[in-house]
Amino acid sequence: MKRTTHWIDFRSDTVTRPTPAMRQAMFDAEVGDDVWGEDPTVTQLEQTLASMAGKAAGLFLPSGTQSNLVALLTHCGRGDEFIVGDQAHTYKYEGGGAAALGSIQPHPLPMTAIGGPDLQDIEHAIRPDNIHFSRTRLLALENTVHGKVLPLDYMTRAYALCQRHGLQLHLDGARVFNASVALGCSLIDITRNADTVSICLSKGLGTPVGSVLVGSTEFIHTARRWRKVTGGGMRQAGILAAAGLYALEHHVQRLADDHRRARSLAERLLRAGYILEPPQTNMLFVDAGELDRTALSAWLQEHGVKADCLGRDNIRLVTHLDIHDDDIEHAARVFEQFRTRA
Ligand SMILES: *Cc1c(COP(=O)(O)O)cnc(C)c1O
């Protein structure tokens, strides 16, 4: 069962390569200078995604990190504060960008099992209007968060709380389409509970590059300025936006296949004695507690499977566009045989 021709790469859903049809759409894209607002394909992508999310305007950016950063720079000024879960991407995995580049102070709160801070903790974290305190401007949530879908009810209540206290709500929706497909709801059912949303095209949707930030016309007008300031103004970016438009048409509903494959791999691993929670979307986290990580890593490598086994956390396996049913079958057998190997 040794394979040399084809790696089954579970490290992330960012490893996908554009399909031939997506490449053709990129090849055929009509382009112009987008910094001058003259790229029709970029404009079309921004408007399409904004309207899918029920927002007035959109902004195409090179990455999810930059999209979140631009959102934070637009929502918050120097010395302002945003409330955020302590395991959230915007707090933990973006190099402290909001602080480094915007003098924006994060106010991290512990995340509960559902994937966001407790609503009462959020309410208590909002600072009173007093010269001693920074001004609390924003709540940043994430959906999906580590592969889990934030319950709609939580999002609705969090948004109501923000509105009661005059806060804005930014949703890091890097994988928000995984959430809508898993819930069987429309994107708008989720995004109506946020003022602004950042959506990645280069994760489950399978494009090579890009994220879109959506919000009000006024917000996006200011965000466009911050995108330029942070070096994210791109020229004939329609070549990239075309991949996004293609993905919105062809790669959203198929996320259900990734979720089904993640569930079926999880069932096999559970039966083989691995410890993990059933996945809600396209990510499994295998408890590494009693596993020999080094041996497992070598074993997977030897059998054509890539997974990040050597990190501090549990072993994360992510399904995506380039992982098919027979890859799941192969990987399941590799994991099973690791436990029964001589
Ligand atoms: C990947 C990711 C980002 C950042 O996207 P990049 O394009 O890698 O910069 C932001 N938030 C979440 C939740 C992500 O998974």
Side-chain angles (χ1 to χ4, degrees), residues 9-18 45 49 53 58-73 75 82 84-98 100-101 106 108 111 114-117 138-150 155 169-182 187 190-191 194 196-214 223 226-227 230-232 234 237 240-241 243-244 247 251 255 258-259 262 279-285 308 311 313 316-321:
D9 193 344
F10 287 103
R11 289 172 303 165
S12 177
D13 48 9
T14 57
V15 302
T16 57
R17 267 157 290 197
L45 172 68
L49 205 40
L59 183 67
F60 184 48
L61 294 112
S63 71
T65 301
Q66 193 173 35
S67 179
N68 282 327
L69 173 65
V70 162
L72 287 163
L73 290 169
H75 280 298
F82 72 107
V84 61
D86 61 0
Q87 301 303 313
H89 206 279
T90 42
Y91 174 60
K92 197 174 170 186
Y93 300 100
E94 297 183 3
L101 300 165
M111 263 161 42
I114 63 164
L138 179 75
L139 170 65
L141 295 177
E142 184 174 319
N143 193 9
T144 61
V145 45
H146 305 149
K148 280 193 197 170
V149 180
L150 272 189
M155 288 226 52
L169 195 157
H170 173 68
L171 182 66
D172 177 356
R175 296 189 178 86
V176 70
F177 278 111
N178 292 87
S180 71
V181 167
L187 185 65
I190 298 174
T191 55
T196 59
V197 187
S198 168
I199 300 169
C200 281
L201 303 167
S202 61
K203 304 257 165 103
L205 297 186
T207 79
V209 177
S211 281
V212 176
L213 178 62
V214 298
W226 280 118
R227 182 185 69 173
T230 54
M234 298 183 287
L240 303 172
H251 291 173
L255 292 171
D258 296 343
H259 300 174
Q280 294 182 11
T281 59
N282 67 332
M283 285 185 196
L284 330 182
F285 293 88
D308 182 9
D313 302 322
R316 188 180 82 159
L317 302 173
V318 188
T319 56
H320 51 74
L321 195 59

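Atom set for the values below is all heavy atoms of this structure, side chains included, hydrogens, waters and symmetry mates excluded. Atoms within each ligand, like the ligands themselves, are counted from 1 in listed order.
The only member of T319, D13, D258 that meets side chain to side chain donor-acceptor pair (under 3.5 Å) when paired with N282 is D13. Only one option out of I114, T281, N178 pairs with V149 in a side-chain contact (heavy atoms from CB on, under 4.5 Å); it is T281.
In this model, a donor atom of one side chain and an acceptor atom of the other lie less than 3.5 Å apart for H170 and N68.
D86 contributes no side-chain N or O that, together with a main-chain N or O of P108, makes up a donor-acceptor pair within less than 3.5 Å. Although no hydrogens or angles enter the test, the distance criterion places a donor-acceptor pair under 3.5 Å between the side chain of H320 and the main chain of D9.
Between I190 and V197 the shortest side-chain heavy-atom distance does not fall below 4.5 Å.
Contact residues for ligand 1 (protein heavy atom closer than 4.0 angstrom to any ligand atom): S63, G64, T65, N68, H89, E94, E142, D172, A174, R175, C200, K203.
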